Protein chains: 2
Amino acid sequence: MKSKRVSITDIAKELQISPSTVSRALNDTGKISEPRKKEILDLAKKMGYRPNPFAKGLVQNKTKTIGLLIPEFTHHFYSRMLEGIESVTSKAGYQLIICTSNEKQKQEIKACQTFLNSRVDGVLATVCKKNEKVDHLQEIINSDIQLVFMDRQCEELEASHVISNDFDGAFQAVEYLIKNRYKRTAHIKGPKNLSTTFNRLMGYKESLKKANLSVESELILESDDPYLLKENLKNLLMEKSIDSLFAYSDYLAYDAYQVAFEIGLKIPQDLAIIGFADEPISQYISPSLSTVNQKPFEMGAQAAQILLNQIKNSETPCEYISLQTELMIRDSI
Amino acid sequence: MKSKRVSITDIAKELQISPSTVSRALNDTGKISEPRKKEILDLAKKMGYRPNPFAKGLVQNKTKTIGLLIPEFTHHFYSRMLEGIESVTSKAGYQLIICTSNEKQKQEIKACQTFLNSRVDGVLATVCKKNEKVDHLQEIINSDIQLVFMDRQCEELEASHVISNDFDGAFQAVEYLIKNRYKRTAHIKGPKNLSTTFNRLMGYKESLKKANLSVESELILESDDPYLLKENLKNLLMEKSIDSLFAYSDYLAYDAYQVAFEIGLKIPQDLAIIGFADEPISQYISPSLSTVNQKPFEMGAQAAQILLNQIKNSETPCEYISLQTELMIRDSI
DNA sequence: GATGCTGAGGCAAACGTTTGCGTGGATCGT
DNA sequence: ACGATCCACGCAAACGTTTGCCTCAGCATC
């Protein structure tokens, strides 16, 4: 079976016709009679012809590949997003080139180089936490490669994005706490520099304001240093000055669980907690964690669809999509 | 910035030399003087030259891409494996083309077509549960594409694999139960047709035999129908005929948790449980689940490395690697 | 019957690289 | 000083496809 690859010219020779005719038949690009076409297609199938993507790419300068840049894959949110992306791109005959940044800018820059080198038609990206510069992403745009951001937006750059409505998700979560007569709600912030961090914080603040509650800066905790976070949280809890907590992520909520258990508090009696992202773990831990579901599959699928549209027609204007979230109430409140 | 792509001939013209010399300089493939080389490299950098992968692929017939076939990504095991793979391939300058089968043979076949069409240099695959035929994988091999299996082996085909030592992992888990004086241990089997299912079952059986305990078929439960599984398990537990359980996977162990809680049993007092895979959830659920860690990162990394070796030299003999597992003892025993 | 039109298909260039072979000049050994 | 060797580089073919232009036969029109 180690037969040589069969090319368009092989078919042409076999049929005593020119390669151009074969090409036209295979691509169904007019200028060919029906019987001829059928004859060619049949033989091509019989000979097991597969188009050579290099030759095609060389002349057409289209790669039918999309670069995917993701911080990491072990969070359910991202792996589910990947599945959404893949469901769209595979149907459209596009391939994915995957690079992970591990939340490091250096790796993100390298990924962008990879995308440029492999001449991808477009890029789907979730930028990493620690981006100070965005030159590498700007270069993607400058090279006429379509770019769509997911989950985290990047205001410095003019590109489409599909994100969660973080503000509203946070707003609803805190509103729910207030409605259930919790009096003082703390917030654990996310990583600096992320749009998601900012928006969820704003949602928290606005929700308090709407209920005529004051926003107290000592109830807003930084999370960049995990040790410091736990210390600060422990102090707040020991003073019994809070009765509820809205965390930037489920993982930060798990940290809060640990601290609460350590000092003998019960969830939700002594402390109600709501997280963000709806990791599958959250259903299994005890008590199960209330959280905000973000629809990562839809996020990936929509971002991919927008990217494909932009690739098809580069004049397509940018789209800015904000997906509604869903509050999942479980046992932690 | 919408400048045209700069090619090797552009550089050659600029320097009044031939394209071949430029090519040799860029690839550092001998036959070139040092000053010339430096001159060319400098100009190439200055002009922002990027090699055209199509032209290169066309003449060399190497794609520097690897196809990755995975059942799904939302299990931590697979996403972690992906990270292991990516860590190796990205260093070697290879790109990944990712396809998911969603455990469906139809999608797996489609993925193989994709791999053949895009002329990948090699394929890393974890086959899906429901493979009755392996023709599509055989075709990969027939087309001279290197193939390495991960996690699940495929005995019908002659190809390298990197798997867990499922037998030993299961053996140790059950041995641990026996040593801790549990008398009757049930086993929940995995999906039919998988090598992992068979090997873990064998490990369970051998461990019992070694301890001079009898293997009772009514203690071995099928898991293909989740409802039936729960019913059967409930019956076993109500009769109090078992005091411990070794499950094919963590997820099946979680099912056992549910059933046990439903009928008011306590873990581990009334029922000790050990799972398999060490999903991160298992640390967080309560009581935390003892399980068998499989080192998915290493599995991916090693499989990728073997594949790269085989691509480099297609005469490399097949390798069969079985990674040692690690028993993680937590609170469920 | 000369002219124009149309549809089917061929010709050849082009895409950007690599690479075997050839060549001229320099260097070496004797 | 002369042939052998070697080095640095050029030439041109090759990889498989697409595509603009050309050709030619058949047909309709006047």
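Heavy atoms only: backbone and side chains are in, while hydrogens, waters and symmetry mates are out. The structure displayed is predicted, hence computed values, not measured ones.
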Please report, rounded to the nearest Å, how far the [atom2] atom of [N] is from the [atom1] atom of [X].
{"X": "Arg5(A)", "N": "dT17(D)", "atom1": "CZ", "atom2": "P", "result": "11 Å"}
{"X": "Lys62(A)", "N": "dT18(D)", "atom1": "NZ", "atom2": "P", "result": "15 Å"}
{"X": "Ile17(A)", "N": "dC11(C)", "atom1": "CD1", "atom2": "P", "result": "11 Å"}
{"X": "Leu15(B)", "N": "dC9(D)", "atom1": "CG", "atom2": "C1'", "result": "13 Å"}
{"X": "Phe54(B)", "N": "dG16(C)", "atom1": "CZ", "atom2": "P", "result": "12 Å"}
{"X": "Lys37(A)", "N": "dA8(C)", "atom1": "NZ", "atom2": "P", "result": "11 Å"}
{"X": "Ile8(B)", "N": "dT17(C)", "atom1": "CD1", "atom2": "P", "result": "5 Å"}
{"X": "Asp10(A)", "N": "dG16(D)", "atom1": "CG", "atom2": "C1'", "result": "10 Å"}

Under 4.0 Å, counting only non-hydrogen atoms across every strand here, what does [X] touch: a base, just sugar-phosphate, or nothing?
{"X": "Ser33(B)", "value": "sugar-phosphate"}
{"X": "Asn61(A)", "value": "nothing"}
{"X": "Arg119(A)", "value": "nothing"}

Considering only side-chain heavy atoms of [X], which listed nucleotide, [options], is closest?
{"X": "Gln60(A)", "options": "dG16(D), dT18(D), dT19(C)", "result": "dT18(D)"}
{"X": "Ser20(A)", "options": "dT17(D), dG10(C), dC9(D)", "result": "dG10(C)"}
{"X": "Thr9(B)", "options": "dT18(D), dT17(C), dC11(C)", "result": "dT17(C)"}
{"X": "Asn52(A)", "options": "dG16(C), dT19(C), dT17(D)", "result": "dT17(D)"}

When the nearest nucleotide of DNA chain C is assigned to Ala55(A) and to Thr21(B) on a heavy-atom basis, which residue is associated with the more 5' position?
-> Ala55(A)

Ser195(B) and Gln153(B): side-chain donor and acceptor closer than 3.5 Å?
-> no

Any side-chain donor near an acceptor of the partner, Asn117(A) and Gln113(A), under 3.5 Å = no

Presence of donor-acceptor pair under 3.5 Å, side chain of Arg24(A) and base of dG10(C) |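 Looking at the base of dG10(C), it does pair with a donor or acceptor on the side chain of Arg24(A) (distance under 3.5 Å).
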
Could a donor-acceptor pair under 3.5 angstrom be found where the side chain of Ser7(A) meets the base of dC15(D)?
-> no

Position toward the 5' end of DNA chain D (nearest nucleotide), Ser18(B) or Asn27(A) | Ser18(B)

Would you check if Ile140(B) and His136(B) make a side-chain contact, meaning some heavy-atom pair closer than 4.5 Å?
->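 The answer is no; the side chains never approach within 4.5 Å.
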
Distance check: side-chain N/O of Ser23(B) vs OP1/OP2 of dT18(C), anything under 4.0 Å?
->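 Yes, within the criterion.
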
Show me the donor-acceptor pairs, under 3.5 Å and distance only, between side chains in residues 124-132 of chain A and residues at least two apart or in other chains.
{"residue": "Thr126(A)", "atom": "OG1", "partner": "Met150(A)", "partner atom": "O", "Å": "3.1"}
{"residue": "Asn131(A)", "atom": "OD1", "partner": "Gln105(A)", "partner atom": "NE2", "Å": "3.3"}
{"residue": "Asn131(A)", "atom": "ND2", "partner": "Glu108(A)", "partner atom": "OE2", "Å": "2.6"}

Please report the C-alpha distance between Leu26(B) and Leu41(B) in whole Å, then the side-chain angles of each, then the deciding distance to 0.1 Å, and finally whether the side-chain contact (heavy atoms from CB on, under 4.5 Å) criterion is met.
-> CA-CA 7 Å; Leu26(B) 292 167; Leu41(B) 258 39; 4.0 Å; yes

